[in-house]
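Just so you know, ligand 1 is whichever comes first in the structure, and atom 1 is the first atom listed for that ligand. Heads up: numbering here begins at 1 and tracks the sequence. On a predicted model such as this, the values are computed, not experimentally measured, just so you know.
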Amino acid sequence: MKKITLLALMALPVILLADMDRCVSCHGVDFEKKALGTSKVVKGMSELEIKAALDGYKRGEGGPMKDLMIQEVNLGVDTDAMAADIYSETQTPGFEEPSDEFIFQKRMSVRTLHKIKDSIKKADAKKDMKKISSQIKSAAFTMYIYDDLLKEKIDFKIMKANNPTLNMKEVFSKVSDIKTCVDHSFTDEEIVKCRVDFVNLAGSLTRDEEKKIKAKSKKPPLYTGEGAVDISKYLK
Ligand code: HEC
């Protein structure tokens with residue numbers, strides 16, 4: 001398991017979370033310093049203010065030493081996750097390095113959810129439900145097989161019982177909630193809750209499809225013209 005995790009980490013081309021080791025030298029362990037005597041003290045900024053500053057750097061805007069930070073921010077494509085991470089660092093005293101396993105799970109989840117949100121934004125609500133749903137199902141399956149903690153928490157009976165029929169808008173809002181949940185998770189226990197929600201969402205979509213297939217197979221014959229025999233009563 002450890003081997004797979006490390007290999008997968010190396011294979012990830014995009015760094016979504018800031019590698020906090022580098023920040024410490026200028027900003028201090030809890031972001032309590034004015035970096036190089038120039039930045040604001042990040043500890044004390046809200047998560048939204050931090051995100052706004054990062055988005056600014058991403059657009060190429062900032063203070064007199066913005067070039068330094070533009071480099072840092074360009075490594076992380078997702079400023080939501082990065083801001084959540086920095087904010088959490090300002091709130092937890094000392095420098096606590098999360099485990100490799102946790103960083104891997106978080107990066108994988110953030111990336112996957114980011115991509116799915118993106119595809120839903122581009123999708124046609126009427127035509128593309130199947131495509132989106134299969135994307136979610138295969139991502140959920142991947143999450144499930146790589147995470148032993150998640151496996152323990154999934155109850156297939158409960159999943160079968162909770163199966164609302166979801167439209168595209170509802171699926172988008174669920175995926176967004178789950179991504180926010182992942183962004184704000186800083187421990188294994190926190191993140192596994194979000195991932196359970198994601199696997200349950202995939203379960204609901206599977207049930208929806210099963211129901212549709214069953215409904216289709218029960219449809220009465222199409223021909224209703226002269227001589228047609230109504231066999232629907234025999235199909236019940
Ligand atoms: C070489 C020193 C240096 C390193 C390393 C560095 N920063 Fe900075 N940081 C700065 C400076 C200088 C500024 C102010 C830049 C400006 O003029 O806009 C800044 C600004 C910021 C701000 C916005 C605060 C403000 O002034 O509005 C945030 C948030 C931030 N850094 C986070 C980070 C994170 C996260 C990392 C690590 C991934 C990091 N920094 C690494 C020097 C550094």
Any heavy-atom pair between the side chains of Lys179 and His114 that's under 4.5 Å? yes
The atoms of ligand 1 lying under 4.0 Å from a heavy atom of Cys23, numbered in the order shown, are 34 (C), 35 (C), 36 (C), 37 (C), 38 (C), 39 (C), 41 (C)
Would you please say whether a donor-acceptor pair under 3.5 Å links the side chains of Asp30 and Thr90? no
Hey, is ligand 1 close enough to Leu54 that some N/O pair sits below 3.5 Å? no
Considering Met69, Glu72, Lys33, Glu49, which one's heavy-atom position lies nearest to atom 33 (C) of ligand 1? Met69
Flag the pair Lys174 and Asp197 as a salt bridge only when some basic side-chain nitrogen lies within less than 4.0 angstrom of an acidic carboxylate oxygen. no
Output yes if Ser39 passes the N/O/S-under-2.8 Å test against atom 8 (Fe) of ligand 1; output no otherwise. no
Check side-chain hydrogen bond (donor to acceptor under 3.5 Å, both in side chains) between His184 and all other residues, then give those that pass, not counting sequence neighbours. Glu47
Against heavy atoms of Ile86, which atoms of ligand 1 measure under 4.0 Å? 35 (C)
Establish, for the pair Lys106 and Phe186, whether the NZ or CZ atom is under 6.0 angstrom from the six-membered ring centre and no further than 45 degrees off its axis. yes
Just distances here: any N/O of Ser25 and N/O of ligand 1 closer than 3.5 Å? no
If we only count N/O pairs under 3.5 Å, is Pro64 in contact with ligand 1? yes
What I want to know is whether His27 and ligand 1 share at least one N or O pair that is separated by under 3.5 angstrom. yes
Results of side-chain hydrogen bond (donor to acceptor under 3.5 Å, both in side chains) for Lys137 - residues two or more places apart only: Glu209
Are Leu205 and Met129 packed together at the side-chain level, in the sense that at least one heavy-atom pair is separated by less than 4.5 angstrom? yes
Taking 4.0 angstrom as the limit and counting only heavy atoms of Gly62, give me the atoms of ligand 1 inside it, by number and element. 18 (O)
